[in-house]
Amino acid sequence: MTNRPDPAELDPIELGELLLLVHDWISADQAARISFNQFLTTGTYTADDLRSDLLRHIVLLGIDIG
């Protein structure tokens, strides 16, 4: 019988990987950044703010971004 990880332990890892995917996509795709900035018309929260927040949450979840 194999030892299977507890699904509750995998959830934070999967969430962190998803957040990292969104971060990397926003970082690499200028059109996505422009679209995000246009979507939020107040200008108080930008794609750069989103990227910073995503990185903070990724680190808090214990995902290695190195």
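Residue Ser27 comes nearest to Arg33 through the heavy atom pair O-NH1, 2.7 Å, listed as atom of the first residue, atom of the second, then distance.
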Tabulate below the donor-acceptor pairs under 3.5 Å that side-chain atoms of residues 53-66 make, not counting sequence neighbours, or state none.
residue, atom, partner, partner atom, Å
Asp53, OD2, Tyr45, OH, 2.6
Asp64, OD1, Gly66, N, 3.0

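Distance check: Ser52 OG to His23 NE2 gives 7.5 Å after rounding to the nearest 0.5 Å.
Looking at residues two or more places apart in sequence or on another chain, you find a side chain to side chain contact (heavy atoms under 4.5 Å, CB included) between Gln38 and Ile34. Remark: Leu21 engages Leu18 in a side chain to side chain contact (heavy atoms under 4.5 Å, CB included) (not counting sequence neighbours).
You'll find the side chain of Glu17 stays beyond 4.5 Å of the side chain of Leu20, heavy atoms only.
Side-chain N or O atoms of Asn37 include one that pairs as donor or acceptor with a backbone N or O of Ala47 at under 3.5 Å.
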